[in-house]
Structures are given as structure tokens and as C-alpha cells.
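Let me begin by presenting the structure, written as C-alpha cells, before commenting on it.
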Protein chains: 2
Amino acid sequence: MLDFTFHNPTKIVFGKDKIEELNSLIPEDSRVLILYGGGSIKKFGTLDKVKDALKGREIFEFSGIEPNPKYETLIKAAEIVKKENIDFLLAVGGGSVMDGTKFVNLAANYDGEDKTDLLNYGFNPVPVSKGLPIGTVVTLPATGSEMNGGAVISYNGGKFSVRSPLSFPTFSILDPTLTFTLPKTQVANGVVDTYIHVLEQYATYSVDARFQDRTAEGILKTLIEIGRDTIDNPTDYDLRANLVWCATMGLNGLIAAGVPQDWTTHKIGHELTALYGIDHAKTLAAILPALWEVRRNEKGSKLIQYAERVWNIKEGSDDEKIDLAIRKTREFFESLDMPTHLSVYGLKKEDVDTVVNSLECHGMTNLSERGDLGLNISRKIIEKAL
Amino acid sequence: MLDFTFHNPTKIVFGKDKIEELNSLIPEDSRVLILYGGGSIKKFGTLDKVKDALKGREIFEFSGIEPNPKYETLIKAAEIVKKENIDFLLAVGGGSVMDGTKFVNLAANYDGEDKTDLLNYGFNPVPVSKGLPIGTVVTLPATGSEMNGGAVISYNGGKFSVRSPLSFPTFSILDPTLTFTLPKTQVANGVVDTYIHVLEQYATYSVDARFQDRTAEGILKTLIEIGRDTIDNPTDYDLRANLVWCATMGLNGLIAAGVPQDWTTHKIGHELTALYGIDHAKTLAAILPALWEVRRNEKGSKLIQYAERVWNIKEGSDDEKIDLAIRKTREFFESLDMPTHLSVYGLKKEDVDTVVNSLECHGMTNLSERGDLGLNISRKIIEKAL
């Protein structure tokens with residue numbers, strides 16, 4: 001096991017109608033800025049419930065945080081935070097709204113003149129030393145943003161990781177019933193995003209971290225069991241509750257503690273979303289199997305463990321096990337109506353150069369758990385993913 | 001899945017030589033009280049390393065916290081905390097030292113005159129609203145006290161749960177090498193204590209909480225794999241690191257979130273320790289299999305799941321699966337030189353009344369995940385455990 005530090009102070013309040021607890025979770029004299037995306041939280045009554053629970057507090061709203069939230073949008077909210085002396089931020093939405101809210105907090109409290117500085121720190125914490133408390137009400141299970149300190153922000157054709165210990169929400173309300181109205185494709189995105197988050201912390205090389213491995217495998221097996229079912233039966237509480245909790249547990253640091261990680265799939269995926277507007281999870285579903293085909297030797301022992309423990313593949317040579325595990329992974333994604341090839345989105349051979357150039361332009365020249373995945377290998381992966 | 005709140009703010013610092021990080025974890029101007037048990041942390045140099053790391057701070061020591069820490073001992077430390085204006089508590093030891101330190105903190109900050117009041121709240125938080133930060137350096141993996149808000153305190157022939165959100169350590173240092181010098185019997189105690197903690201959160205009735213179930217099963221399988229090996233190879237880092245991390249994860253609220261719990265085994269075990277001085281884990285190893293034999297119907301579906309997933313028992317009727325799972329559990333404990341019968345410790349039929357009376361005296365008349373386990377059933381369990 002590798003050395004690690006694990007610290008996750010977010011309070012989770014899980015269950016039906018837990019929005020009511022906002023009244024005890026946010027101080028009574030707060031000036032609260034509610035941040036959200038489009039109209040769905042209005043349409044389905046979530047915003048009204050939130051406001052009801054916050055009665056007596058001074059409430060401000062900022063709407064219009066888009067999927068893949070943009071710097072330019074968020075910076076406007078940061079101005080409101082300062083102008084209105086906001087002292088509590090409440091994100092109501094999915095990963096984009098939560099990520100966006102985290103960035104609003106950092107931008108509002110960053111002393112530098114040029115707030116785009118904050119986009120340059122990658123996986124290192126940004127130099128901001130104070131922030132407002134953030135609460136979240138989660139309406140889309142996928143990104144784990146409700147229980148971690150990370151965010152991904154879009155700017156100028158790129159997607160940038162922005163991290164800070166200040167970005168851990170103080171609390172997150174996870175009410176599975178709030179996700180019942182999601183379109184099927186977004187639920188499928190959530191299942192696949194979670195599945196691949198877990199694999200990026202698992203399919204590397206073994207360091208004999210047994211709790212972490214088995215917990216990761218438990219999430220994967222659960223998603224395989226419930227993925228299609230929770231898409232088809234959106235109002236089945238237990239199915240959805242299991243998806244919501246797995247999504248949170250998949251990216252809150254728990255299964256990452258003490259193990260190597262390989263975020264190559266996400267990094268190539270971010271370029272594809274930025275360049276072609278393909279949904280985040282859909283880029284991952286195409287890249288991951290291709291990555292494994294190209295890196296089957298480097299990841300051999302963990303891919304065999306994945307084959308045996310997650311897919312119960314006990315027969316055949318090591319190579320056959322890996323092949324079958326990759327095939328079953330593709331079949332699982334496809335069973336969720338999630339394509340595993342980029343050609344579905346119209347990408348062609350001539351696009352490969354564009355993506356590789358974009359990776360180079362964003363400094364993504366040494367990816368993988370070992371830092372040995374250069375642009376030539378990324379090229380092979382993207383070609384295979386077409 | 002049941003509704004739940006999960007909040008665990010403890011920072012874990014895991015790895016070899018992490019004691020050095022005390023220097024950054026405890027403020028430089030602190031007045032630190034180091035609390036510990038007997039001489040082993042002196043003998044093996046741990047105390048010296050701790051003091052080295054804390055150089056420059058005002059250091060006080062309180063030694064002599066015994067196994068099953070006593071109210072009378074701890075109240076003396078609470079007086080030192082007040083007299084010396086201590087502002088940071090550092091527990092260096094195992095569960096008893098950590099539990100004791102938590103109680104010292106609460107007692108020092110409780111406004112009431114009679115500090116024994118604090119023993120009367122059971123699983124509810126005690127009425128103490130402020131406390132000092134607590135750090136821990138863990139030398140014995142077992143109780144999970146390093147990452148939870150609970151403590152068990154001995155007083156007047158009883159063992160009492162004392163809980164508070166203030167009792168979560170601010171940080172805990174988990175250096176597996178600090179546990180290399182433990183006697184074999186204490187490591188076996190740690191393995192069994194952890195194993196049974198997990199089962200008390202698992203072997204109840206199903207609420208379709210898949211992440212929690214699989215994470216619990218992952219810890220159980222890991223303990224079965226490494227239990228004997230880490231006793232026989234105490235300086236194998238990875239084996240011990242896996243035990244240490246499983247012990248923490250087994251009782252930090254993670255696998256308890258959203259599921260029913262049955263702490264009957266611990267409650268009967270506490271009486272046995274208080275009455276006969278049998279090691280805590282050794283009481284559990286005798287009670288748990290007996291409990292399952294008596295409650296096999298109430299716990300049927302989870303015991304079958306345990307048989308199938310943890311022990312890979314796929315053949316036979318439901319009853320046969322349960323029987324075999326109980327037998328394999330006994331065999332596992334015995335393989336760690338951990339008896340599964342109380343007669344080994346000299347207990348006889350005539351002791352059953354004594355234990356039952358003691359349960360009654362401490363109000364333990366409605367145990368189990370359903371609150372339907374009365375004294376007559378406790379009697380049967382104790383009889384079977386003889």
C-alpha cells in the first residue's frame with residue numbers, strides 16, 4: 001500500500017425529503033446565493049422546496065450554469081458574491097453546478113487580479129486561503145463533486161481541474177427522489193461516469209491495497225447489477241439510492257487512498273468534450289476500452305483481477321481473460337445505450353491529429369499512472385476509439 | 001436503503017514514519033498532553049519519536065491508561081487538562097488510550113458537577129458543547145477509535161458507551177510499523193474485533209444497501225486472507241497495513257450508513273469483560289457464533305449472503321449454508337488461536353445467571369437490530385457460548 005493522507009469533512013444527509021434539513025444546516029442569519037443550471041429544478045419544484053426550507057434568510061439566485069461550466073459564466077456569480085456580501089453558497093444541481101459553485105467560491109476569494117490564474121494548478125491546490133461554506137443539493141448522481149474538493153472548469157476551448165481543500169462541501173443533501181425525473185441518457189451518463197471514475201483508481205498496477213480494491217470492485221459490481229434497471233425504473237427508490245451512493249463513494253478519495261491512479265481516460269475525454277461537445281461520460285466510454293487494448297501489458301495484473309472478480313471470468317489464459325473483460329465492459333456500456341466508439345459522433349481519422357494537438361497544447365504529454373504515456377500512445381488510443 | 005447522516009471529519013495520515021508530521025499537525029504554540037498506557041511505547045521508542053516531533057511545544061504526560069480504561073483513572077487526567085491549561089490532547093496507543101482520551105476531553109469540558117453523568121447517554125451524544133482537538137498515534141489496530149466519535153469507559157463493574165461529535169480525532173497517524181512489536185494475542189484480538197465490528201453492521205436484515213454490504217464483505221474477506229499471516233509475519237508491511245486500514249474502515253461509520261445494526265455481541269461481551277476480565281475480542285469470538293445459532297431465522301437472508309459471498313458456499317440448502325458459514329467463522333477464529341467457547345476461561349452454567357443479571361442491571365433488556373432480543377434470548381446465547 002502506498003502512503004496516503006485521507007481527509008473528507010463533508011457531511012452527507014441522505015434520504016427522501018431531506019431538503020427540509022436545509023433549515024438546520026444553514027445558519028438562520030445567512031445571506032445565501034443559490035446557484036443552479038437551467039429550468040429543470042424550477043419545473044420539478046426543487047427550487048421551491050429549497051426556498052421554503054430557507055425561509056427567513058436573505059436569498060439570492062444565480063442561474064444559467066451550463067454543462068461543462070464556463071469560466072465566463074462563473075466569474076459573474078463571483079461578482080455577485082462580493083457585491084451582495086453572500087456568506088453561504090448553495091449549489092442545486094449536478095456535477096456542473098457543484099463544480100461551478102466551487103469555482104465561484106475560489107474566484108470570489110482569490111486575491112490575484114487575473115482569476116484565470118486559478119486554472120493553472122491542475123491537481124495541486126490553488127493558492128486561496130479562505131472561502132465561504134458550500135452546501136449542495138444533488139439532482140444528478142455522477143461526478144462525486146458533492147463529496148470532494150475538485151472541479152472541472154471550461155475556458156477557451158480547454159477543460160481545467162481546479163482543486164482546493166476549501167472546495168469540499170460543508171454538507172451535501174442526497175435525496176434519490178430528486179433524480180427520478182432525469183432523462184435516461186443522463187442516468188446512463190451517471191452510471192458510466194461513476195464506473196470509469198472507479199476504474200481510473202483501480203486499473204493501474206497492484207500495490208496490495210485490499211480494502212481499496214474490494215471496495216472499488218463492489219461499486220463496479222453494483223453498477224453492473226443496477227445500471228440498466230435504474231434507467232428503466234427511474235422511480236424505484238432503492239435502485240436509484242444505490243446509484244446515488246455509489247456515485248458519491250466512487251470519487252470521494254476513499255478508493256484512491258494508498259493506490260496509484262490513472263486519469264488518462266478523463267484527460268483525453270476532456271479534450272473530446274471541449275472540441276466536439278460530446279457528453280463527458282460518452283467520451284469516457286469510448287476511450288477506456290481503447291486505452292486498455294493499448295495498455296494491456298502495463299495494466300495486466302489488475303485487468304486480470306478485474307476480469308476474475310468483477311466479471312467472474314475464471315477460465316482461459318491471461319490474455320483471454322483480459323480480452324473478455326474488455327468485451328464485457330464494452331457490452332455493459334452498450335447495454336446502457338452508451339456507444340463505445342467515437343465514429344458514432346462523426347469523428348474520423350483526420351480528427352485524431354486535432355485531439356492529439358489539443359492534448360499537447362494543454363500539456364498532457366505524460367499521462368498514466370507511471371507518467372509514461374506520451375502523445376504517440378495517446379494517438380494510438382484515440383485511433384482505436386474511433 | 002435506510003436514511004442516514006454520515007459525517008467523519010478525521011484526517012488520516014497513513015504510512016511509515018508519519019509521526020514526523022506531528023510537527024505540522026499540532027500548532028507550534030500548543031500545550032500538549034500526551035496520554036498513553038503502560039511502558040511499551042517507551043520501550044519501543046515511540047514516545048521519544050513523538051516528543052522529538054513536538055519539540056518547541058510545552059509537553060505534559062499522563063500514563064497509566066489501562067485496558068478497558070477506568071473512569072477513576074481518566075478523571076485524574078481531566079484535572080490535569082484544566083490545571084495546566086492544556087490545549088491539545090495526543091493519544092498514543094490503542095483503543096483504550098484513544099477512548100480514554102476522548103473521555104478526558106469530555107470530562108474536562110463538562111459543566112455538570114458529577115462527571116459520571118456522561119456515562120448515561122449510551123449511543124446518544126453527551127451534552128458537552130466544546131472540547132479540545134484530539135490527535136492519535138495508533139499502535140494497535142482494532143477498535144476504529146482513531147476515526148470515530150465513540151468510546152467505551154469502565155466504571156463500577158460496567159462498560160459504558162460515550163459518544164460525541166467532539167470525540168472524532170482531528171487527525172490520526174496510522175503507521176503500520178508501530179504495530180510490529182505487538183504480542184501475537186493482541187494482533188489476533190485486533191483481527192477478530194474488526195471482523196465482528198463489521199458483522200454487527202452487516203448480519204442483520206437486508207435493506208438493499210449494496211455498497212455497504214460489499215464493502216463489509218471486502219473487509220471480511222481481507223481479514224480471512226491476512227489474519228493468520230499478519231500474526232505470523234508481524235513485520236510484513238503490506239499485510240499489517242491492510243489490517244490497520246481494515247480496522248479503521250470497519251468502524252468509522254462508512255459501512256453503518258443506511259443499514260440496521262445489531263450490537264448484541266458487543267453488549268454481552270462487555271458484561272463478560274467487566275465480570276471476568278476476559279479480553280474484549282475474546283468475548284466477542286465466543287458470543288457471535290452462539291448468537292447466530294440462536295438467531296438464525298431472524299438473520300437468515302444476510303447469513304446466507306455472508307455464506308455465499310464471503311465463504312463462497314454455493315451448495316446446499318439455506319440451513320446448510322448457514323451451518324457451514326457459522327462453522328467456518330468458528331474455524332477462522334480458532335485458526336487465530338482465539339477460542340470460541342467461554343468454558344475455556346472457566347465459565348460454567350452457574351455463571352449464566354450472573355451475566356444475565358448484569359445485562360438486566362445495565363438496562364440491556366431489548367437488544368438486536370429489532371430491539372426484540374430480551375433477557376431470555378440473551379440467556380440462550382450465553383448458554384450456547386459456554
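Below, chains carry the letters A, B, ... as their sequence lines are ordered, and counting in each starts from 1.
- For chain B, the nearby part of A/Y237 is the side chain; its heavy atoms alone come within less than 4.5 Å.
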Notebook entry, point to check: Could you go step by step and tell me if B/L254 and A/M249 meet the side-chain contact (heavy atoms from CB on, under 4.5 Å) rule?
Noted result: CA-CA 10 Å; B/L254 182 73; A/M249 289 290 123; 3.7 Å; yes
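- Under the 4.0 Å criterion applied to side-chain N and carboxylate O atoms, B/K18 and A/D3 are assigned as salt-bridge partners.
- Only the backbone of B/T10 comes within contact range of chain A, with at least one heavy atom under 4.5 Å from a heavy atom of that chain.
- A/F6 contributes atom CZ, which lies 11.0 Å from atom OG1 of B/T248 (distance to the nearest 0.5 angstrom).
- With a 4.5 Å cut-off on non-hydrogen atoms, B/D208 touches chain A through its backbone and its side chain both.
- No salt bridge links B/E217 with A/K221; every basic N to acidic carboxylate O contact stays at or beyond 4.0 Å.
- Remark: the backbone N or O of B/M1 is paired with a side-chain donor or acceptor of A/D238 at under 3.5 angstrom.
- The two residues B/F211 and A/T222 come nearest to each other via the heavy atoms N-OG1, 4.4 Å.
- For A/N242, the parts lying under 4.5 angstrom from a heavy atom of chain B are both the backbone and the side chain.
- For the set A/K16, A/M147, A/R214, the entry with the most heavy-atom pairs within less than 4.5 Å of chain B is A/R214.
- Side-chain contact between A/I12 and B/F4 is present, with heavy atoms from C-beta onward closer than 4.5 Å.
- When side chains are defined from C-beta on, B/Q212 counts as touching A/W245, because their heavy atoms get closer than 4.5 Å.
- With hydrogens and angles disregarded, a donor-acceptor distance shorter than 3.5 Å links the side chain of B/H7 to the backbone of A/P9.
- Between A/R210 and the options B/I226, B/L223, B/I219, a side-chain contact (heavy atoms from CB on, under 4.5 Å) holds for only B/I226.
- Taking A/A257, A/C246, A/G218 one by one and counting their heavy-atom pairs under 4.5 Å with chain B, the maximum is reached by A/G218.
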